[in-house]
Peer 1: 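Take a look at the following structure, please.
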Amino acid sequence: MTAAADAGPTEADWAAAVAVVRGLPADARVLLICHVNPDGDALGSMLGFGLGLRQLGVRRLQATFPGPPEVPEPLRALPGLELLVPEADAEPAPDLVVCCDAASESRLGGLAGRLAGAGAVLVLDHHASNPRFGGVNLVDPRAAATSVVAEELLNRLGVRVDAAIAECLYVALSTDTGSFRFEATTPAVHELAARLLATGIRPGDISRRVYDTRPFGAVRLFGEVLGRARLEPAAAGGNGLVWTYATLDDLARHDQPPYVLEALIDSVRCTAEADVSCVVKQVGPAEWAVSMRSKGAVDVSRVAVALDGGGHRLAAGFTGRGTADDVVASIRAELEKALVGA
Ligand code: MN
């Protein structure tokens, strides 16, 4: 990674973003987009920023994401969900598109086509691998979550972060920091959390909904999928790889939607004997959504980028093709090239 790629937005970038929003016509159509299979940061930063735009008087507001318009159950209490429309109903030529938490255009699926027809494209993100695909890019790889960037821009726009906006930004911040456990949990993260909590939002209720509630079918599904996990101590230059997979048939058998598998990586990555963990989730006949985590010996974003995905040093993902074994074989090969210090 170059020093330039690691640097966050410049003052000129912030000024450009403020100017784009302030320069919107009175009846502006604004479309907010986040990445496919949206997580807490994608939806939270998108809806929190959307509610801020509404406070600024933007009325023709839509928020969307590619794929089926189902919001994962743990995120169904987020404020601002009324802004969501299915991908097909999204404004074809908005005055402004705001992309939240999407590491690349490919993460926008069919909605990537909306960028060319938009009056302006503003990218809010924190993935180091982001190629800065917007007209104005606020990409800060040092930010723990996209919501950190969103809050800064809302402040610069003079938006008062109320409890509804705060809840969105808090869910985003807490999910992307693993409930304030990851290395990215800096003093600034806790300072932001403190500002958000000061609006009166209830962290106990939010955490129970977002992390600690799961249908019984998902509990049984996890048991089955964890039971087939494989440990490969020699992989990743001897640092170890642990992986498992889940098929569409597994989901159907337990009557569970795909998003329940998002939490699975947390149960796999705790394996003491492996630096790298991986969950391969079937999304089509020969298509797999892959989540990877590292404890530090491997830069998994290098693996993901090599396989047309993206992410962070310690957490990344990509879309794999073929069988689950094919996908794991492709990861195994890239791991050796992604050893830190190699
Ligand atoms: Mn994020």
Side-chain angles (χ1 to χ4, degrees), residues 1 5-6 8-9 32-50 52 63-67 71-72 74-75 78 80 98-109 111 122-134 137-154 165-186 188-190 192-193 196 206 210-211 259 262-263 265-266 269 279 289-294 299-301 304-305 309-319:
M1 189 187 302
D6 200 32
L32 300 136
I33 309 178
C34 68
H35 63 72
V36 65
N37 301 322
D39 57 12
D41 190 26
L43 279 170
S45 57
M46 174 171 78
L47 297 176
F49 190 72
T64 193
F65 51 85
V71 172
L75 301 172
L78 277 177
V98 183
C99 299
C100 298
D101 202 42
S104 63
E105 282 180 86
S106 67
R107 299 276 289 154
L108 302 175
L111 288 160
L122 171 59
V123 168
L124 308 183
D125 191 29
H126 66 131
H127 296 91
S129 61
N130 191 307
R132 276 76 172 167
F133 59 90
N137 299 285
L138 300 179
V139 178
D140 187 353
R142 290 160 308 183
T146 293
S147 70
V148 173
V149 179
E151 195 239 11
E152 168 87 39
L153 182 55
L154 288 172
I165 297 174
E167 179 158 342
C168 290
L169 300 182
Y170 183 84
V171 166
L173 186 65
S174 104
T175 51
D176 259 28
T177 56
S179 301
F180 307 101
R181 284 175 299 165
F182 298 162
E183 218 59 64
T185 311
T186 58
V189 164
H190 280 294
L192 172 54
L196 299 174
I206 293 171
V210 174
Y211 303 110
Y259 68 76
E262 295 304 309
I265 189 72
D266 293 321
R269 69 181 170 83
V279 175
V290 182
S291 301
M292 293 180 293
R293 299 290 183 273
S294 163
D299 178 350
V300 286
S301 76
V305 168
H312 312 283
R313 197 167 54 83
L314 303 182
F318 69 97
T319 300

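Numbering starts at 1 and runs along the sequence shown. Just follow the structure's listing: the first ligand is 1, and inside any ligand the first atom is 1.
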Peer 1: Using side chain to side chain contact (heavy atoms under 4.5 Å, CB included) as the criterion, point out the one residue from L124, L154, V139 that pairs with V149.
Peer 2: L124
Peer 1: Tell me whether the rings of H126 and H312 are parallel (<30°), tilted (30 to 60°) or perpendicular (>60°).
Peer 2: tilted
Peer 1: For the Mn ion (ligand 1), find the closest N/O/S atom belonging to D101 and write down its atom name.
Peer 2: OD1
Peer 1: Nearest 10°: the angle subtended at the Mn ion (ligand 1) by D41 OD2 and D176 OD2?
Peer 2: 80°
Peer 1: Is any side-chain heavy atom of V189 closer than 4.5 Å to one of F182?
Peer 2: no
Peer 1: Taking 2.8 Å as the cut-off, does an N/O/S atom of H126 lie below it from the Mn ion (ligand 1)?
Peer 2: yes
Peer 1: With a 3.5 Å distance limit and no angle check, can you tell me whether D41 reaches the backbone of S147 through a side-chain donor-acceptor pair?
Peer 2: yes
